[in-house]
2 protein chains.
Amino acid sequence: MKIGELSIKSGVSIRMLRYYEERGLLTPKRTASGYRDYDEEELRTLERIKLLASAGMNLNTILVFLPCIRGDQHVFEPCDELIDLLHDQIKMVNEEVAKLSHSKTVLEHFLYDIENTK
Amino acid sequence: MKIGELSIKSGVSIRMLRYYEERGLLTPKRTASGYRDYDEEELRTLERIKLLASAGMNLNTILVFLPCIRGDQHVFEPCDELIDLLHDQIKMVNEEVAKLSHSKTVLEHFLYDIENTK
DNA sequence: ATTGACCCTCACAGCGCTGTCAGGGCTTAT
DNA sequence: ATAAGCCCTGACAGCGCTGTGAGGGTCAAT
């Protein structure tokens, strides 16, 4: 399957598909004329990438995490050391949430003040 | 007070103080020799900027919001139209939180799978 | 053979800050 | 007058993607 088709199937832009390849996340074969040629496995990999990205991982992190995940989203053996990475990631998310909840407090405080002033 | 002193007092880097000026958030006087000369009022303004920034506002937003806030963090009259802006901001924060909570779900799902696989 | 739709690579731009460096003046004390 | 320490402007770099454009092949149908 050529890049345009994959892009439509996956909802990932052509630009990004090429970028994923550049970063080593996808490695499609090439046709004689140099066109990228993706197979079904590649599509499944792409779904995994989207999943990991939706968990807030950047591409560097995904790159090390990716080999550890099967298409059905379960993890297999040789990746025990990634538990730490996962905990780090969760910690980052928690910190982000804490920050946002603080932001929200400040904003709501403003709103309260406005309504009590006018 | 010169920029270095303000930087230490406020905890804001010299680079950022100059940037705030460039963006119109601070307007210090100048000495005869061209040095920035900040007064106490400027320091108070800076505290307000920090507060707004901690609420997740970017400088563009702060720029329109700033004139509406007194040093004691209360809002005054002529800024009613900013209620919308505030609601928008809160909405953005809520969306961000929702996104993060989804991320966390995905991550915890991974963790669960790892622990049930090994 | 021509056209249109698709593909290729390379590379610049932009987000919203923030650091850092270069090249140069000012101030104060010795 | 010399040195240390501060200040000035201007400009480039980097984060982590993502879009877009240039310049140029390929493929399928007509």
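Quick caveat: nothing in here was measured; it's all calculated off a predicted structure. Chain naming here is simple, since letters A, B, ... match the order of the sequence lines and numbering starts at 1 in each.
Salt bridge annotation for A/R44-A/E41: present, with a cationic side-chain nitrogen under 4.0 angstrom from a carboxylate oxygen. The pair A/E95-B/K104 does not meet the salt-bridge criterion, since no charged nitrogen lies less than 4.0 angstrom from a carboxylate oxygen.
Within the 4.0 angstrom heavy-atom criterion, only backbone atoms of the sugar-phosphate kind lie near B/S13; the bases stay farther away.
OP1 or OP2 of D/dT9 sits under 4.0 Å from a side-chain N or O of B/R30. A sub-4.0 Å separation between OP1 or OP2 of D/dG25 and a side-chain N or O of A/S33 is absent. Considering only side-chain N and O atoms, A/R36 lies nowhere under 4.0 angstrom from the phosphate OP1 or OP2 of C/dC7. OP1 or OP2 of C/dT9 has not a single side-chain nitrogen or oxygen of A/R18 nearer than 4.0 Å.
Regarding B/L17, its CG atom lies at a distance of 13 Å from the C1' atom of D/dC7, rounded to whole Å. Rounded to whole Å, atom P of D/dC27 lies 16 Å from atom CD of A/E5. In this structure, B/R23 atom CZ and C/dC15 atom C1' are separated by 12 Å, rounded to whole Å. Protein atom NZ of B/K29 is 18 Å distant from nucleotide atom C1' of D/dC8, rounded to whole Å.
Side-chain atoms of B/R15 and B/Y19 include no donor-acceptor pair closer than 3.5 Å.
The nucleotide whose nearest atom lies closest to any side-chain atom of B/L59 is, among C/dC17, D/dC7, D/dG19, C/dC17.
In this structure, A/E96 CD and B/S103 OG are separated by 10.0 Å, a value rounded to the nearest 0.5 Å.
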